[in-house]
Structure formats: C-alpha cells, structure tokens
Number of protein chains: 2
Amino acid sequence: MSFPSGRRIPEAAVVRLPVYLQILGNLADTGVTRFSSDELAALAGVNAAKVRKDLSYLGTYGTRGVGYDVAYLVHQIKRELGLHRSWGVVVVGAGNLGQAIAKFTGFAPRGFPVVAVVDVDARKIGQKVGGLVVAAEADLPHLVRTTDAKIGAITTPPSSAQSAADALVAAGITSILNFAPIVLTTPDSVSVRNVDLCVELQILSFYEQLRLEPGAAVAAAPKVAPNTLKVVPASV
Amino acid sequence: MSFPSGRRIPEAAVVRLPVYLQILGNLADTGVTRFSSDELAALAGVNAAKVRKDLSYLGTYGTRGVGYDVAYLVHQIKRELGLHRSWGVVVVGAGNLGQAIAKFTGFAPRGFPVVAVVDVDARKIGQKVGGLVVAAEADLPHLVRTTDAKIGAITTPPSSAQSAADALVAAGITSILNFAPIVLTTPDSVSVRNVDLCVELQILSFYEQLRLEPGAAVAAAPKVAPNTLKVVPASV
DNA sequence: TGTTGTGAACGCTTTCACAGCT
DNA sequence: AGCTGTGAAAGCGTTCACAACA
C-alpha cells in the first residue's frame, strides 16, 4: 500500500521483471547495447505497451525516439528486485531434488548461493553434496544465523514439508520456495512460492486435453500459476 | 473463445483447481466425506466466495445448506483437468534435475509417468536412471510415438534448451515444461510453462527486500508467476 | 438455519492511442 | 520521423451480498 517514496510496482509487473532481466542479459552477452519496447516485447512474448508500462514503474529511463540502454536497464531492474546483493538459500531435504539444487552451479552466479543443506535423516547428515556437508535440521537456527541465509527451499517428502516450514520460520526465514505438493501453513509475514510440478503438469494436461478434444478451443493465453505469496508491512 | 457446450473456465480458476484437488485428496485420505466452501477456502488460503465461483464453473455440484461431497468433487475436477487418463512425460536432459525428476516416484501415481529420458551426450546414453535407460535425443520422434508421451520436460543447460524444444515439437509434443532459464520460441500451438527457479528466487528476493527495508510495505498478495501458455483451436 | 450459486460492484491489469521528447 | 511515457478505456478477476433452496 504505502511505499518509501510513493512508488509502487504492481505485482503483475514484478513477476515479469526477472523475465526481462534474463533477456536483457542475453542481449548484453551478444553485444547489443540498445533496445526498443517492440524488440523486448517480441523476445518476451508480450506486447510493447506492457513492456513500456512495466519499465515505467522503475522510473523514466528510456529515451524517446531512441529506446532504452541495455546495461542501464539491467542495473535498474536489479536494483528494484534487490539483486545487487546476494541471497543465501538453505535447502531443507537432501533427497534427489535437494541434491540437484545443491549441485546446480547456476544459482550462485546469479546471486543465490546455496549456503546449507539440512535433513532429518541421520544417514544423510554428514554426506557431501556439491561442496556442502548435509547438516541436521535441528541446526537450522544456528546455520541461518551464521550463513545469513534469507531464503529456504523445501525439498522434503510431503509428510515432512510442514515441519520443515515450521523449522525454517522458527529459524528466522521469511521467504520459502516450496517444492512439496502440499499447501503450507505459515504466518502472514512469510512469503511462500509453491513450485509443485504435479500442479504444473495438471495445468498442462488441461490445455493438452482441449487440443485433443474435437471442437474444443481457447483463445486467451493464460500467464498465471498457482503460487501464493503473503507479504505484510516490514514493521510487523 | 468458443467451447463445446458454451462452458468456459477462466484461466485464473484453472490454475487453482489442482490445488483444490490436492487438498480434497488429503481430506479423503483422512476420512472426510463432505466440505463447505469455507473449509476448503481456509485450507487453500483463499476466500470462500472464490472457492464457490471456481467450483461453480465445473457445474452445480454442491448442496445448499449442506456443502459439497469430497469424492464427487474430486471426480469432477479430475474430469475437467483431464486426469482420468495418464499423460506420459518425456524428460530431455539427463543431468541432476532430469535424473531427480526421472527418479521421483510421485508423478506416476498422479497420472504422469515418466516414460523416457533422452540426452545428446553419448556418455549419458545407455545409463540407467530410475528404471529407464537414457536414450538419444535423436530418437525422440520414435520414442514419443511408441510411448505415446504427451508432455516434454526440458532439463538441459540453457544453451541446449531451444534445440531441445525444437526436437520435442518436431516429435509431435505440444505441451512443454521448461526448467531452463531462457524464453523458448515455439509455435503458437504449443503450451509452454516455465519453471525457472532463478525467476522464483528473484521474485522472493523482491519481497524479502521490502521486508528488510525500513518503512517499506505491501498489502496485496500476488498470485501470479512468469509462465507463458499458448493455446490455439484444436483444429489448427 | 446453513450453505450454495450468482448478479453486481469493485479493483486490478492490459491495451489503446496519442502527446511529448529527441 | 521515431519511440517513449501515460492518461483513459476496456477487459478480467475478485469480492460482496443476498436470493434460492435443502
């Protein structure tokens, strides 16, 4: 509602900024230094008016008749998303997915180093996973404090996901990426994003089915996903 | 636009149906046979009016003064989402994530068996991953035909993701789950859902930052994510 | 009485269209 | 002339509030 200097970016725009950032990063890598809203729109699969509106929420950084500067816009989007600092990720659950995330080398360079992996299973504790040693879930408060982790990723079986969430919240984590196929119960001050692959597959199957059914047809292009995000004033 | 019998479910509602389905499944497992919109709303973290509207798109299946039947609603949601049949998934890219997906036993029971894993790397071809043998990406057309796969999951490095998408499309796949951090170019007749974990982390960091910045505050609860979905008439 | 189903109001998001700069 | 920035309009999605009904 309120915002430091009256500026406020609509949620719908916030979720598109990382997509623009990615594309602009690719453009920069190929030596492009300037782009127009038309060009970015084509690459992102949206329309130019939306790109201009979205970018206008960041400030007035374009040049009429010319376009936008790639490097400058990358900087501004990063600033807005808080990507000029690093956000440590602690992975809860050292199963297949947890290990895949811990081993993935693509997060750290983009500002999201995996700083710890924990599990409740004594057989997993002490194992090495991608340069980290699996710690006990009970150590979360200590680990979060010492590593300054800011985001928790839940990759446990569904039956342990809620207790994992409770442990993360107790340890002071307020942003959770949940891969378990259950709806977590968390305080309103905690942001949760659900990445339930079954949900994604079910949505795909709905549209695939429309394509298979004779006579069925849809025209619109839905862009939403079943994520939940709760955020309350910082003072609470 | 048009729909067989004039019925049409808004996209925003479609993405919530899998969430309801999951919760109702859990309720059924614990012996619950009836629920009210209030109860489901509390469990799903939405409000009761939304639940009633969403369920009303399926048909008139509730009983005034009483509520809804769990088993019956599960059946109706499954029917709507096309979950009374199985949707084979072919994984392209046998790296950490691809292997984690292939090994995960939670998809098949929910109607999404992983029927094949392919890679371009000759060293990976022939390896066994969760009961499947990694095949060559060049075999995709043949594999899709013989396994009747309907969904493709791209878990390759970003540099190979577009060619993976092209190969899937050429093999006749029209629904793609993309884990690579790039925007895919596909025909309009192909549905793509992007599950870019960096995008999710970046969105989380935006809200985390608001919480850390003194004086910052947001009130609304955004529920959208940067997915793209393109669907065209079945006849095309 | 209790709960659904749903028009109508509201608010957010997208799109249009053009004024304003370069 | 070209492209941005932005009010205003249109389109969706959510919420309200209550009639309908078991």
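Any value given below was found using the heavy atoms of this structure, including those in side chains, with hydrogens, waters and symmetry copies removed. Protein chains get the first letters and strands the later ones, always in sequence-line order, with residue 1 at the start of each.
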Sequence neighbours excluded, the answer for salt bridge (Lys or Arg N to Asp or Glu O under 4.0 Å) partners of A:Asp38 is none
Looking at residues at least two apart in the chain, or sitting in another chain, which of them share a salt bridge (Lys or Arg N to Asp or Glu O under 4.0 Å) with B:Asp166?
none
Among C:dG5, C:dT3, D:dT4, the one nearest B:Ser36 by side-chain distance:
C:dT3
Atom-to-atom span, [atom1] of [X] to [atom2] of [N] - whole angstrom:
| X | N | atom1 | atom2 | value |
| --- | --- | --- | --- | --- |
| B:Arg34 | D:dA22 | CZ | C1' | 11 Å |
| A:Leu55 | D:dT4 | CG | C1' | 10 Å |
| A:Leu40 | D:dC3 | CG | P | 15 Å |
| B:Ile9 | D:dT14 | CD1 | P | 14 Å |
| B:Asp54 | C:dT4 | CG | C1' | 14 Å |
| B:Leu73 | C:dT4 | CG | C1' | 12 Å |
| A:Asn47 | C:dA17 | CG | C1' | 13 Å |
| A:Tyr57 | D:dG5 | OH | P | 13 Å |

Judged by nearest nucleotide, the residue sitting upstream toward the 5' end of DNA chain C, A:Arg52 or A:Ala13, is A:Ala13
Pull out every protein N or O sitting under 3.5 Å from an N or O of nucleotides 8-13 of chain D, one pair per line with the distance.
none

So do B:Leu17 and B:Leu58 actually touch side chain to side chain, heavy atoms under 4.5 Å?
yes
With sequence neighbours excluded, what pairs up with A:Ala13 under the side-chain contact (heavy atoms from CB on, under 4.5 Å) test?
A:Ile9, A:Pro10, A:Arg16, A:Asp54, A:Tyr57
Using the test side-chain contact (heavy atoms from CB on, under 4.5 Å), find all partners of B:Ala164 that sit at least two apart in sequence or belong to another chain.
B:Val92, B:Ile154, B:Thr156
For DNA chain C, determine which residues of residues 61-70 of chain B have any heavy atom closer than 4.0 angstrom to one of its atoms, and list them numerically.
B:Tyr61, B:Gly62, B:Thr63, B:Arg64, B:Gly65, B:Val66, B:Gly67, B:Tyr68
Take A:Glu200 and B:Arg193, measure what salt bridge (Lys or Arg N to Asp or Glu O under 4.0 Å) needs, and give me the verdict at the end.
CA-CA 7 Å; A:Glu200 295 295 328; B:Arg193 287 192 81 79; 2.4 Å; yes
Relative to the ring of A:Phe107, is the ring of A:Phe104 parallel (under 30°), tilted (30 to 60°) or perpendicular (over 60°)?
perpendicular
Can you say whether the rings of A:Tyr61 and A:Tyr72 are parallel (under 30°), tilted (30 to 60°) or perpendicular (over 60°)?
perpendicular
Base, sugar-phosphate or nothing for B:Asp38? Non-hydrogen atoms, less than 4.0 Å.
nothing
Assess, by modelled atom type and distance only, whether the side chains of A:Ser191 and B:Arg211 contain a donor and an acceptor separated by less than 3.5 Å.
yes
